[in-house]
Amino acid sequence: MAFSKLKEVYTPQSSEEVVKLLKQHGHGALILGGGTFLHGLSARGLLPDVEALIDIQKLGLDYFTPSNGVVKTGASVTFTALEKQPELTKAPWLGVLKDALEYIPVQVKNMATVGGSLASSLPLFDLPVAFMTLKGSVVAAGPKGNRKISLDEFFKGQFENALQRGEFITEVLLPVPPRRTASAFLKNEKHANALAILNVGVSITLDKAGKCEEARVVFGGGVGDVPVRGRSCENALEGKRPNKELLKLASETVEADLNPISDHRASAKYRKAIAKVLVERAFETALQKLN
Amino acid sequence: MARKNSATTAIGKSAPRPDAYEKVTGGKGFTINLKLPGMLHARILRSPYPHARIRRIDTSRAEKLPGVKAVLTPKDVPQTKFSPVLFEPTLAATMVQDMLILSDRIRYAGEPVAALAATSVEIAEEALGLIDVDYEVLPAVFDPEEALKPGAPQLYETAPNNVAVGPVFSFGDIEKGFAEADYIFEGTYETQRVHTCYMEPRVCVADTDSRGRLTIWSSTQHIFGLREKLAFALGLPESQVRVMKPPYIGGGFGGKLDMGLHEPICALFSMKTRRPVRLEQTRYEEFISTTRNPIKMYLKTGVKKDGTFTARYAKSILDTGAHATHGAIVVMVHGFFGFLLPYRCENKKWEGCSVYTNNMVGGGYRGYGCPQGAFAVESQIDEICEKLKLDPVEFRLKNAHKEGDPHPFNPGFTLSTYRFEDCLVQGAERIGWSERKAAGSGRGSKKKGIGLATQPLWVSGCMGFPDIYEHSGAIVKLNVDGTADLAVATVDLGSGQIITLSQIAAEELTLSPDKVRVTAADTDTVPFDAPAHASRVTYSTGNAVKAAAASAKKRLLEVAASLLEASPEDVELVEGTVRVKGAPKKSMNIADVVKRAESPFLVMTAQGPQPTSVQEKGTIIGVSSMAPPSNPSPATAEFVEVEVDTETGEVDVLRVVYAHDIGRVINPQGAEGQVEGGFQQGMGFALSEKISFDQSNGACLSGDFLNYKMPTAPEMPTQIESIFIESNEPTGPFGAKSLAEPCVIVPAPAIANAIYNATGARVRQLPITPERVLAALGKL
Amino acid sequence: MKKILNLQVNGETHEIAVNPADTLLHVLREGLGLIGTKRGCDSGGCGCCTVLVDGKAVYSCMLLALSAVGKSIVTIEGLSTDGKLDPLQEAFIKAGAVQCGFCVCGMIISSKGLLMENPHPKEAEIRQALSGNLCRCTGYHKIVEAVRIASAHS
């Protein structure tokens, strides 16, 4: 890997120590989660100035605790550890996470961490889209203490996010939604190691009458610099009873929210075309979980 | 599926590969593992521009970095133009000599500019950044049809309009043929650039002895070709180069059929520093070093109502990239075996053109021009059958060659065994062809369909090709423990040459396959063999191995006859024992005969010391070096079932049935493995694989396995069935012909045809991405 | 600056000097001579470098050696004991799953990781567990078969 200046890999024992190291090394420091994206950063020429890696595996951030209406996931939780949480299989509202984890090769799942996948801030990843679908927010620890940042506000561009200098992600918070909530995730790309051409996470909450109380749609993959909310689609569903016709209608609206990229893997036109299909199918899957 | 055959001791059995044990415990024998004391590590500086002249290279900063031991720039290397293709003589008429080890003219992004050798890879990498190059950037052209137009950037002064070669062949009267046709079909079919994706990167180590003689270890498909090309490029006599045979290599598939630039670069560094020098290519470098040439094919075909061909015309534009390399020869094989020869037709014409562009160079890849041809031809046959409402199985049979016909490429040979019809009939039955539904008739958004494609004609080696090496040799030596050593120059690419050749030697010697051991070899010690390519090893090298084993057997029988006090005509070898015919009790096993032959003059026996005779003395050894007697054609048909998601365009291959006439099957498990792996390569070519470039600057966008999508285990069909129709080829070793390549050639058209059958949508461009399927369905 | 560290590999502790940027793959191959772990792409895509870390399959080209301190690493060399092959190794030979063999050590290690967690996987689970391991020779068919054979014997 193209680290020409790397001098030290630290394994601090506390958040305070991490903050101190971040301060000490400034732009030369990089937080190390599972490290599965180091090659990606290296290939993009983003590592040469890194002189210190701060491996946060010893901070005890490997918890997954549902309590008081919030599910807290430590930044160091690996994808595999996350996948093994019984809640992921039991709770339909977490379906989007469970689904998103299925595409990833086991070697990556065994190393990659929740915190790392978010901090990398690459819209092509799957997990950030899933967390965003669940209205997730991150807790950032920094020199001024901890602060909570909604994922809706977190992603600022490719490899850019709302973290300030000296801050790092310690956990992800997911608000537990009303009981009749389910979510699902779909990705267009069959090849295990390839990044999404387009992916989508959806979540839906039904009221007692079976109408859509709240819907959430998030697109990732080749959609631009950050994951994109499908607000038109959400609006089209909310307050209505979701049936086949409504889903079709709602999925047609995604075009208004999307301005995807064209690259060597697919055109913007294709991405738009399948966005509709994936949204419709993902909602169908989510709704099945509520029946 | 073990084939029961009581009449053989080795042939037709799924004998385990002797190298498998070593490979599952670590695989020491890969060239990538070789380390020598004092070894230096070389790295190559590559051009960021697709077309440029180098005005100046300043290596002084790099040379000052501690650990850097030597630097090469264009002025430090011989300026002898060569072709890197290993299987033809350097100056063969079909070879285009247009390459230099390093040149001050750059013709593709990634072309080597300079190289350096240092005490570690890390230092070498760092030093690359210290080489200053002043480029004069030239306009580049990436599309071969653009490159043919007047005014396009010119790559070579010697190649007007960027044409590397432009062969034209015509048979009969094409105009008359079209006039006689009831229908004329025209179509354009296009294939992409794909990589062989051998898992072991190209790597070599070069060392120089005290008198300047070079020794090379390399992950190559041809040790003798490498010796020849290296000696030529460096201006050395061939005897000054010794190429060691790797015990096995981590795949080749044609991608290691040329001298890479890492080989002469390491050699030059070693000659300069008198130290061993190693260079291992990164995966990114691999992706820009060799590829199957893309071909755009314009087809025009005349047929009678009943499906008889009356005229076949094609024009093929092959993108050969920055240098001709294989592209000059691929186009010929493509024209003949991919278009002109597989079916009977009196009137046919083909115009080929290998065009220089500022793209990466081409290379060998299983099928060598024919996957591109078959995609066009076999897709169009499907279109013809759809239009004329003919059965694609019958259509092919109507136009196919027949067993006993003269060989269409080598009229001196006959299609002595040719069971194409059985392939089609048995394959069709297995897949349930008669149940096939009308195109696009399925309901729902996911539609299933069945498709067929064939490669009616193929080779077992290159006998009859005027410019291509085609002879083989072997040494078989019997040991005092009753085993045999087999020495051949053929490299095992993974396709099982080690075991199939052992089985052939064992059969001749009436041994079980585990009694034959393939030994180390190098260009100093074994007879020449053409490379492991062109589906040739089982047939061609197999014949040589059989001959060497027969020669050893002959000597064995002579010695044994002397010991048994019989005449050589009266003794026979049965299951490892020499016995006097009609007196089975008068016998000796091979070990005892060999011991006697290898013994000193007095041999100790239970009866005391006994003198042996001079006639019995000497290692029992057989040597052969010969060309094969013929070039028999295998025949192949493939049927696939797919499911197409008509809303996303995604294609799943559900089931595959292959039917092959490959002659006698030497190792059934090995043969199945070849076919299953062949399908993966064919499916990747059909659906997902593509080396992509940024069209603004020629930079490779798919230089890793995240962006280059070769099929993974979950994407593959769970059912891949192989039917082997075992004709008994009279000229083959124990009846064998060949297998390696057709199984890679047929999947793309079979899948395209199955997609058509499922959806009614035809895609004439590879890879058939989900996007292209949706576009063909009119949904984009 | 090199650092001295202790790595637990195949049940033994190795003291070795590494650069901070050295990957576990690099240290296993160049430092410890454990050449069964292959470098096929060095960018986390081919699976040839797969090893077990604390019983889980990972790409050793993605893991810094320094991050592997204190963990139990198993390479292909650690699977066979006293010359006796692991059932997976036996099964790969028997099923004809070995062709060029360059991917095979990674395949076996990934399969080992799977069988340790799920001794009797379904075919789809086997294929999924191998989705991060590429093979160009076999089409995976006989590899999947080998894992099935090995699982039947466990």
Side-chain angles (χ1 to χ4, degrees), chain A residues 1-6 36-37 39-45 48 102-108 122 124-125 186-200 221-222 244 248 251 255 260 262-282 284, chain B residues 65 121-123 125-130 192-193 282-284 287 445-446 645-653 683-684 687-696 699-716 767 769-780:
Chain A
M1 275 179 266
F3 285 113
S4 44
K5 292 190 189 148
L6 186 68
T36 51
F37 196 52
H39 281 298
L41 294 172
S42 172
R44 291 168 175 82
E102 275 176 16
Y103 293 88
I104 303 164
V106 65
Q107 291 97 327
V108 173
L122 193 65
L124 300 168
F125 285 175
L186 281 173
K187 174 176 176 178
N188 182 270
E189 178 53 76
K190 290 180 175 194
H191 192 274
N193 251 323
L195 300 171
I197 288 174
L198 192 101
N199 60 23
V200 61
K244 225 173 160 46
K248 182 117 223 139
S251 70
E255 214 160 314
S262 281
D263 64 5
H264 64 284
R265 303 195 304 141
S267 70
K269 216 166 149 187
Y270 177 72
R271 288 186 164 100
K272 276 194 169 188
I274 58 163
K276 295 180 208 171
V277 178
L278 296 191
V279 161
E280 195 183 340
R281 289 181 182 177
E284 279 170 10
Chain B
L65 189 74
V121 177
E122 291 73 24
I123 293 172
E125 291 274 357
E126 192 184 340
L128 287 185
L130 301 174
Q192 79 284 30
R193 208 172 247 106
T282 64
R283 190 51 67 172
Y284 183 86
F287 275 114
S445 63
K446 293 192 174 178
D645 184 331
T646 56
E647 292 181 336
T648 65
E650 290 169 302
V651 177
D652 275 328
V653 179
M683 178 175 134
L687 296 177
S688 61
E689 294 181 27
K690 183 183 182 188
I691 310 182
S692 305
F693 292 90
D694 184 329
Q695 289 301 301
S696 67
C700 180
L701 299 170
S702 55
D704 57 39
F705 286 121
L706 276 66
N707 287 287
Y708 187 86
K709 296 185 272 190
M710 94 184 217
T712 56
E715 294 165 85
M716 289 288 289
T769 57
E771 177 159 1
R772 286 188 173 138
V773 173
L774 270 202
L777 284 164
K779 293 189 176 177
L780 275 191

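Computed from a predicted structure; not experimentally measured. Proteins come first, then strands; the chains are lettered A, B, ... in the order of their sequence lines, and each starts at number 1. The figures that follow rest on heavy atoms only: side chains count, while hydrogens, waters and symmetry mates do not.
- A donor-acceptor pair is defined here as one N or O able to donate and one able to accept, closer than 3.5 Å; no such pair exists between the side chain of B:Lys709 and the backbone of A:Asn193.
- Among B:Glu650, B:Glu126, B:Gln695, the residue with the largest count of heavy-atom pairs under 4.5 Å with chain A is B:Glu650.
- Judged by distance alone, the side chain of A:His191 and the main-chain N or O of B:Met710 form a donor-acceptor pair under 3.5 Å.
- For B:Glu771 and A:Lys269, the salt-bridge test fails: no basic side-chain N is under 4.0 Å from an acidic carboxylate O.
- Heavy atoms of B:Ser445 lying under 4.5 Å from chain A belong exclusively to its side chain.
- Heavy atoms of B:Pro714 lying under 4.5 Å from chain A are absent altogether.
- For chain B, the option among A:Glu189, A:Arg281, A:His39 with the highest count of heavy-atom pairs below 4.5 Å is A:Arg281.
- Chain A forms the most heavy-atom pairs under 4.5 Å with one residue out of B:Thr712, B:Leu774, B:Thr648, and that residue is B:Thr648.
- Heavy-atom distances place no part of B:Val773 under 4.5 Å from chain A, backbone and side chain included.
- Between A:Arg265 and B:Asn707, the shortest heavy-atom distance links the atoms CD-OD1, 3.9 Å.
- Annotation: maximal heavy-atom pairing with chain A below 4.5 Å, among B:Asp694, B:Asp704, B:Thr769, B:Asp652, occurs at B:Asp652.
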